[in-house]
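Residues take their numbers from the sequence shown, with the count starting at 1.
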Amino acid sequence: KRNGYTATSIARKLTSIKKFHAFCFADISGINSDPAKLISASKKEVHLPDSIRTIGVESFMYQTKLRYVAFNDNITSIGMNAFGMGFSAEAKEMIITALPTNLITLGVGAFTSHGGLSITSLPKGLATVPNDCFKWCPNIHIDTFGGDDSALVAIGDNAFFGAGKDKGKITTLYFGDKITRLGSSSFAEYGSVSGVDAIVTSNDISILDWDLNSIFGKEVDVSNTGI
């Protein structure tokens, strides 16, 4: 924590970062999967080798000065609050434009309140978006969840609560027919102030299982659904 390093390379045979708070509060400006891509010797950086599969609980929490992240696509798990509370009002560069291609597990609050997360889709192997995962991430802009080639089946409580505020209104959300659960307030205040207006899904799930006010924080148009 706050160790004053300029650059740190993690051993290439290491497969996980498990230590609680491993780099929490370390004042990092960049995370790169390739040490050859060092952006500036004056920047404090962490290089994650391709061997890394797991990023553990709160590993990079409170990284408010982080300006870029280059994940390797071998990462399959990102733990609880791993990049949580990474919001910085001064961050003008979007630092995470894609999650690892082979990601299958996200922890509760993994990216909560992260100002630099600018993604437009989720990895196809991700089955569950857990509670609070992308809550208050202002630069997310995803309108399609699940589908024929997606493993997504559940979205937890507050998962996208208040997300996408800086990316403009998302009028309609599309849900794949494998999704069986949308948690409480999972999409409340999603997008601009007025929130989502309509949903589209071929699901024939019962209206009793879809408490729309609870999920979206308002009534939404369900005329293009199986509800």
Side chain to side chain contact (heavy atoms under 4.5 Å, CB included) between N74 and D50: does it pass, once the steps are laid out? CA-CA 7 Å; N74 297 323; D50 289 344; 3.7 Å; yes
Distance (rounded to the nearest 0.5 Å) between E189 CD and N158 CG: 10.5 Å
Ignoring hydrogens and geometry, is there a side-chain-to-backbone donor-acceptor pair from N81 to M61 under 3.5 Å? no
Assign the ring pair F145 / F187 to parallel, tilted or perpendicular, where the plane angle (0 to 90°) is split at 30° and 60°. perpendicular
Are F161 and N131 close enough that some pair of their side-chain heavy atoms sits under 4.5 Å apart? no
Return the OG to CG distance between S214 and L182, rounded to the nearest 0.5 Å. 10.0 Å
Is there a side-chain contact between I179 and V153, using heavy atoms and a 4.5 Å cut-off? no
Steps toward side chain to side chain contact (heavy atoms under 4.5 Å, CB included) verdict (F83, L117): CA-CA 10 Å; F83 290 88; L117 187 67; over 6 Å; no
Do the side chains of I78 and T105 get nearer than 4.5 Å, heavy atoms only? no
Taking the side chain as every heavy atom from C-beta outward, state whether I75 and N102 have any pair of such atoms under 4.5 Å apart. no
Between D157 and D132, is the side chain to side chain contact (heavy atoms under 4.5 Å, CB included) condition met? List the steps. CA-CA 6 Å; D157 298 347; D132 302 320; 5.9 Å; no
Does any part of the side chain of K218, heavy atoms only, come nearer than 4.5 Å to the side chain of D197, both counted from C-beta? yes
If every non-hydrogen atom of A159 is compared with every non-hydrogen atom of P130, which pair is closest and at what distance? CB-O, 3.7 Å
Does the plane of the ring in F71 sit parallel, tilted or perpendicular to the ring in F111? Use 30° and 60° as the thresholds. perpendicular
Any H114 side-chain heavy atom under 4.5 Å of F134 side chain: no
Using a 4.5 Å cut-off on heavy atoms from C-beta on, say whether the side chain of L122 contacts that of L152. yes
From CD1 (I199) to CG (L212), nearest 0.5 Å: 5.5 Å
Distance (rounded to the nearest 0.5 Å) between T76 OG1 and L103 CG: 7.5 Å
A side-chain contact here means heavy atoms from C-beta on lying under 4.5 Å apart; do L173 and V200 qualify? no
Measuring from atom NZ of K135 to atom OG of S186, what distance do you get when rounded to the nearest 0.5 angstrom? 12.5 Å
Thinking salt bridges, do D148 and K178 make one under a 4.0 Å N-O criterion? no
Does the side-chain hydrogen bond (donor to acceptor under 3.5 Å, both in side chains) test come out yes or no for T97 and S118, once each step is laid out? CA-CA 5 Å; T97 57; S118 181; over 6 Å; no
Full working for side chain to side chain contact (heavy atoms under 4.5 Å, CB included) between T171 and V196: CA-CA 5 Å; T171 301; V196 175; over 6 Å; no
May I ask you to decide if F175's main-chain N or O and T201's side chain share a donor-acceptor pair within less than 3.5 Å? yes
